[in-house]
Asker: 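This is the structure I want to talk about, given as structure tokens.
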There are 2 protein chains.
Amino acid sequence: MLEERQRKGGRPRDATRDADILEAARAVLAERGYERTTMAEIAARAGAGKATVYRRWASKAELVIDVLACSGSLAITVDDVPDTGSLRGDLAALRALKSRDESTWRALVGLVSELPHSPELARVVDQRVVGPRVALIRGLLERARDRGELLPGVNVDLLSRVPSSMIAYRLLVTHEPLDPEFLRSLSEDIVVPLATGRPRD
Amino acid sequence: MLEERQRKGGRPRDATRDADILEAARAVLAERGYERTTMAEIAARAGAGKATVYRRWASKAELVIDVLACSGSLAITVDDVPDTGSLRGDLAALRALKSRDESTWRALVGLVSELPHSPELARVVDQRVVGPRVALIRGLLERARDRGELLPGVNVDLLSRVPSSMIAYRLLVTHEPLDPEFLRSLSEDIVVPLATGRPRD
DNA sequence: ACTATACGGAACTCGCCAGTTCTGGAACTC
DNA sequence: GAGTTCCAGAACTGGCGAGTTCCGTATAGT
């Protein structure tokens with residue numbers, strides 16, 4: 001975002017427009033994808049003029065990067081997930097927490113084809129979208145290891161990427177909804193048995 | 001593809017141009033993505049004129065659909081994978097077979113953002129790209145079940161989607177290569193332990 | 001009051017690309 | 001050889017969207 005110094009007097013920027021534009025951009029991005037997203041539509045949906053948008057962001061690319069940098073990040077960390085005493089319980093607690101995560105993944109849909117052409121966008125996606133979500137699962141797995149729940153020889157690196165992969169695949173490729181049953185199976189039929197070797201309870 | 005009837009005489013179509021154009025389209029698609037793919041570049045790379053392209057396909061969308069329909073399909077089926085006597089062995093045999101599968105997944109990169117806007121494209125992707133690959137793993141899992149290798153209560157539906165999900169995620173989102181070590185871990189650290197409950201050998 | 005900058009909105013430039021048409025020539029049928 | 005359809009290549013058309021500029025107006029400092 002451009003942070004111009006205001007020389008003398010003049011009307012100050014309306015700070016509320018920033019958030020409105022980012023929110024509009026996020027919405028358009030999620031439903032149209034990067035290429036089909038137009039600055040005109042973002043401005044119109046934010047109730048702003050295009051000039052107001054370009055006063056804050058130098059280009060469409062920078063605005064989109066800021067959408068992810070500002071609102072794409074996952075608020076939840078390992079410490080927000082209560083320690084229930086078992087990996088299975090922790091994963092259930094996590095599912096109860098992140099109910100509104102889907103829209104960031106949806107915004108990613110249209111960005112996927114841009115990633116190979118924009119190193120900066122790829123970096124932001126990795127830092128703010130992919131990284132935190134993988135790290136969250138990894139944190140829960142390490143918590144399970146401290147409890148002694150983990151089987152010896154479990155590939156934590158790979159296993160912590162399984163949920164993100166399957167969620168992304170579902171939303172990006174097959175376009176099925178993230179229903180609770182799917183998320184439950186993901187935890188209890190995949191992650192828990194692989195980590196602890198306990199297929200049923 | 002347009003299959004016009006040739007009325008009377010005239011120079012016959014050069015059938016070799018069809019394959020050249022499809023191959024060029026596939027290549028451009030994989031490295032540029034749908035929106036950045038131009039008919040001019042496809043024609044140039046195929047050493048053809050744009051008129052020659054439009055004589056065979058009515059639009060860019062139809063050409064792209066045909067790229068997947070003609071060359072995106074997986075040639076391998078369950079019957080091509082030798083029965084080695086164990087799931088672990090079958091998966092190793094499968095890895096030896098599909099060495100050149102990566103380019104179809106790469107072509108999918110740029111198509112992902114188009115899927116929500118083109119039902120026909122989504123149908124072709126599901127039928128020719130996603131379906132066969134999931135079915136292949138499912139077939140190997142069912143072979144393992146017939147052998148009595150499978151643990152009771154394994155979620156075959158979900159498990160058969162794990163490899164496709166993780167491969168797609170790697171190529172679409174994180175852009176890491178499909179190195180043999182990753183594919184081996186996918187089989188031996190994820191699929192085999194989950195299916196058979198045998199983490200190590 | 002004066003000045004400088006903000007605002008929404010609309011008109012504008014400019015380049016890109018899908019799709020069409022033309023050219024000079026080649027290949028095939030009758 | 002007359003007529004037709006093909007070929008590669010290049011010129012052309014039309015629409016769309018990024019980014020700019022201008023309008024009339026609003027809101028601040030001095």
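In what follows, chains carry the letters A, B, and so on, assigned in the order in which the sequence lines appear, proteins first and then strands, with residues in each chain numbered from 1.
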Asker: What is the distance, to the nearest angstrom, from the OH atom on Tyr54(A) to the P atom on dG9(C)?
Answerer: 17 Å

Asker: Roughly how many Å is it from NZ in Lys50(A) to P in dC14(C), rounded to a whole number?
Answerer: 15 Å

Asker: Checking all strands, does Ala51(B) fall into the base, sugar-phosphate, or nothing category for heavy-atom contacts under 4.0 angstrom?
Answerer: base

Asker: Identify the nucleotide, in any strand shown, that forms a Watson-Crick or G-U wobble pair with dA11(C), with both distances under 3.5 Å; if there is none, say none.
Answerer: dT20(D)

Asker: Calculate the interatomic distance between Asp14(A) atom CG and dT25(D) atom C1'; express it in whole Å.
Answerer: 15 Å

Asker: I'd like to know if Glu41(A) and Arg32(A) make a salt bridge, using a cut-off of under 4.0 Å between side-chain N and carboxylate O.
Answerer: yes

Asker: Separation of Lys60(B) atom NZ from dC16(D) atom P, in whole Å?
Answerer: 15 Å

Asker: On the nucleotide dG8(C), are OP1 or OP2 found under 4.0 Å from the side-chain N or O atoms that Arg17(A) carries?
Answerer: yes

Asker: What integer distance in Å separates Arg32(B):CZ from dC16(C):P?
Answerer: 14 Å

Asker: Any side-chain N or O of Arg13(B) less than 4.0 Å from the OP1 or OP2 oxygen of dC6(D)?
Answerer: yes

Asker: From the options dA6(C), dA11(C), dG19(C), select the nucleotide whose nearest atom is closest to the side chain of Ser59(B).
Answerer: dG19(C)

Asker: With respect to the phosphate group of dA4(C), does any side-chain polar atom (N or O) of Arg11(A) fall under 4.0 Å of OP1 or OP2?
Answerer: no

Asker: Between Arg36(B) and Glu114(B), does any side-chain N to carboxylate O distance fall below 4.0 Å?
Answerer: no

Asker: Starting from C1' on dT21(D), measure out to CE on Met39(A) and report it in whole angstrom.
Answerer: 16 Å

Asker: Provide, to the nearest angstrom, the distance between the CG atom belonging to Leu63(B) and the C1' atom belonging to dC17(C).
Answerer: 15 Å

Asker: Considering every strand and a 4.0 Å limit on heavy-atom distances, what is the contact class for Thr37(B): base, sugar-phosphate, or nothing?
Answerer: sugar-phosphate

Asker: Answer yes when Asp90(A) and Arg147(A) have at least one side-chain N-carboxylate O distance shorter than 4.0 Å, and no when they do not.
Answerer: yes

Asker: Should Arg17(B) and Glu23(B) count as an ion pair when the cut-off is N to O under 4.0 Å?
Answerer: no

Asker: For dG8(C), take OP1 and OP2 only and decide whether either is under 4.0 Å from a side-chain N or O of Thr52(A).
Answerer: yes

Asker: So is Lys60(B) actually on top of Tyr34(B)'s ring, under 6.0 Å and inside 45° of the axis?
Answerer: yes

Asker: What integer distance in Å separates Glu35(A):CD from dC16(D):C1'?
Answerer: 13 Å

